[in-house]
Amino acid sequence: MDIGVISVRYARALLKSATQQKVQADVYKDMQQLADSFMQLPRLRQVIDNPMLSADKKESLLLAAVGEKPAELSAKFVKLILKEGREAMAQFIANSYITLYRKQQNLIRGRLITATEVAPETEAKLRGMVESRTNGKVEFKSEVNPDIIGGFILEYDTYRMDASVKSQLRNILNALN
C-alpha cells in the first residue's frame, strides 16, 4: 500500500480522535514539533527505521521528538504506530495531520520577510489584511533578512508580494539591460 494513503488514514483517525477529545490544537502543536524534529535531525529517520533498535528506544526517541510535554493522545498515538509497525511513516503522518488540521480550521500559513524587525502593530495589520482576503485564520511567521535591503516580502497561500528594495533594484537593472 502507498505511504501517502496510509499516512493520511492514520492522520485522519488521529484528527478525528483529537477533535472528539477537543485536543486537536495540542496534537497539532505536537505534530508540528515532530515534523520539525525530523527536518532538523535527518538522522532521526535513519535511527527510527533501524530494525535493530528496540521498540522502547524508538518510543523514547519519538516522544522526545514530539516535545517535552506531549498531549496524552499524542503519546498514545506514538505507541499505536509502534505497535502497528508504522514508525517509519511517523514523519509523513505528522505532515498529513498538519495539513488536515489546517484545512479543518481554515488556517493559512503566511510569511513576512523584512530587512529589519517589524513593529507588532504592522504585523497585526498585515495579518488582518490577509485574513480578510482569505476569510481564514492566518498562522504568521516573521523573518528578518537584511539581504532584501528594505521593504518586505509577504507570502500566503499561493500569493507572493515582493515589495523589497532588492527586487526593485533587480527590476531596474533588468530594464537597463
Side-chain angles (χ1 to χ4, degrees), residues 1-51 53-113 120 123-124 126-143 154-160:
M1 199 170 242
D2 186 19
I3 291 175
V5 172
I6 295 169
S7 300
V8 170
R9 284 182 181 169
Y10 274 84
R12 274 194 189 123
L14 179 59
L15 181 60
K16 184 178 180 181
S17 183
T19 302
Q20 288 171 347
Q21 295 179 28
K22 298 184 182 352
V23 293
Q24 65 267 35
D26 295 334
V27 174
Y28 174 65
K29 288 176 186 163
D30 291 343
M31 293 301 114
Q32 282 184 308
Q33 180 60 49
L34 181 60
D36 284 345
S37 294
F38 276 106
M39 291 299 292
Q40 299 295 324
L41 305 164
R43 200 144 146 60
L44 176 61
R45 185 175 171 85
Q46 294 171 331
V47 173
I48 294 299
D49 288 348
N50 184 350
L53 193 64
S54 72
D56 290 339
K57 289 189 179 177
K58 288 181 182 185
E59 180 181 344
S60 296
L61 283 171
L62 286 172
L63 287 174
V66 168
E68 270 185 45
K69 287 189 172 187
E72 185 179 336
L73 183 59
S74 298
K76 285 180 179 178
F77 189 72
V78 166
K79 289 180 183 190
L80 173 71
I81 61 174
L82 285 166
K83 179 182 163 215
E84 298 298 323
R86 302 290 193 194
E87 64 272 12
M89 297 180 188
Q91 181 180 10
F92 301 106
I93 295 169
N95 286 325
S96 295
Y97 181 91
I98 291 166
T99 301
L100 292 170
Y101 176 83
R102 285 180 178 151
K103 190 173 183 178
Q104 179 194 58
Q105 299 295 317
N106 196 20
L107 189 60
I108 296 144
R109 289 187 330 181
R111 189 167 82 146
L112 175 65
I113 304 166
E123 187 178 314
L126 285 168
R127 178 183 283 118
M129 180 194 76
V130 172
E131 286 177 349
S132 69
R133 281 184 161 198
T134 61
N135 295 324
K137 216 162 68 176
V138 177
E139 191 176 75
F140 226 56
K141 187 175 188 179
S142 293
E143 293 178 30
L154 176 64
E155 299 173 335
Y156 64 91
D157 209 14
T158 59
Y159 179 79
R160 177 180 166 98

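Positions are given from 1 along the sequence.
The minimum heavy-atom distance between Gly110 and Tyr156, with the atom names listed, is CA-CB, 4.0 Å. Nearest heavy-atom pair, Pro51 versus Lys58, reported as atom, atom and distance to 0.1 Å: CA-NZ, 4.4 Å. The two residues Ser96 and Ser7 come nearest to each other via the heavy atoms OG-CB, 3.8 Å. Across every non-hydrogen atom of Glu123 and Ser142, the tightest pair is OE1-OG, 2.8 Å. The heavy-atom pair separating Ile81 from Ala90 by the smallest distance is CD1-CB, 3.8 Å. Considering all non-hydrogen atoms of both residues, Ser74 and Pro70 come closest at CB-CB, 4.3 Å.
Annotation: the span from Glu143 atom CD to Ile113 atom CD1 amounts to 5.0 Å, rounded to 0.5 Å. Between the NZ atom of Lys103 and the CG atom of Leu15 there is a distance of 11.5 Å, given to the nearest 0.5 Å. Atom CD1 in Ile3 sits 9.5 Å away from atom CZ in Arg86 (nearest 0.5 Å). In this structure, the separation between CZ on Arg43 and CZ on Arg45 is 14.0 Å, given to the nearest 0.5 Å. Within the model, atoms CD1 of Ile6 and CD1 of Ile93 stand 8.5 Å from one another, a figure rounded to the nearest 0.5 Å. Here the straight-line distance linking atom CG of Asn106 with atom CD of Glu131 works out to 10.0 Å at 0.5 Å rounding.
Atom CD of Glu68 has 12 or fewer neighbouring heavy atoms from other residues, nucleotides or ligands inside a 6.0 Å radius. More than 12 non-hydrogen atoms from other residues, nucleotides or ligands lie less than 6.0 angstrom from CD of Gln104.
Between the side chain of Ser17 and the main chain of Leu14, no donor-acceptor pair closer than 3.5 Å is present. For Lys141 (side chain) and Arg111 (main-chain N/O), no donor-acceptor pair under 3.5 Å exists by modelled atom type.
Between Leu100 and Arg12, some side-chain heavy-atom pair lies under the 4.5 Å cut-off. Side-chain contact between Thr19 and Tyr101: absent, with no pair of heavy atoms (C-beta onward) separated by less than 4.5 Å. Put simply, the side chain of Glu59 reaches to within 4.5 Å of the side chain of Lys79, judged on heavy atoms. Using a 4.5 Å heavy-atom threshold, the side chains of Phe77 and Tyr10 count as touching. A 4.5 Å side-chain heavy-atom check between Val78 and Leu34 finds every atom pair outside the cut-off. At least one side-chain heavy atom of Met39 sits under 4.5 Å from a side-chain heavy atom of Gln91.
At a cut-off of 3.5 Å, with distance as the only test, no side-chain donor of Tyr28 or Gln24 sits close to an acceptor on the other residue.
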TODO: Just do the side chain to side chain contact (heavy atoms under 4.5 Å, CB included) check on Glu139 and Gln32 with the steps written out, would you?
DONE: CA-CA 13 Å; Glu139 191 176 75; Gln32 282 184 308; 3.7 Å; yes

- [ ] Please lay out, stage by stage, how Val130 and Leu154 fare under the test side chain to side chain contact (heavy atoms under 4.5 Å, CB included).
- [x] CA-CA 10 Å; Val130 172; Leu154 176 64; 4.0 Å; yes

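For the pairing with Val66, the side chain to side chain contact (heavy atoms under 4.5 Å, CB included) check across Asp30, Leu61, Val27 returns one residue only, Asp30.
Cation-pi check for Arg133 over Tyr159 is met; the charged atom lies under 6.0 angstrom from the ring centroid and within 45 degrees of its normal.
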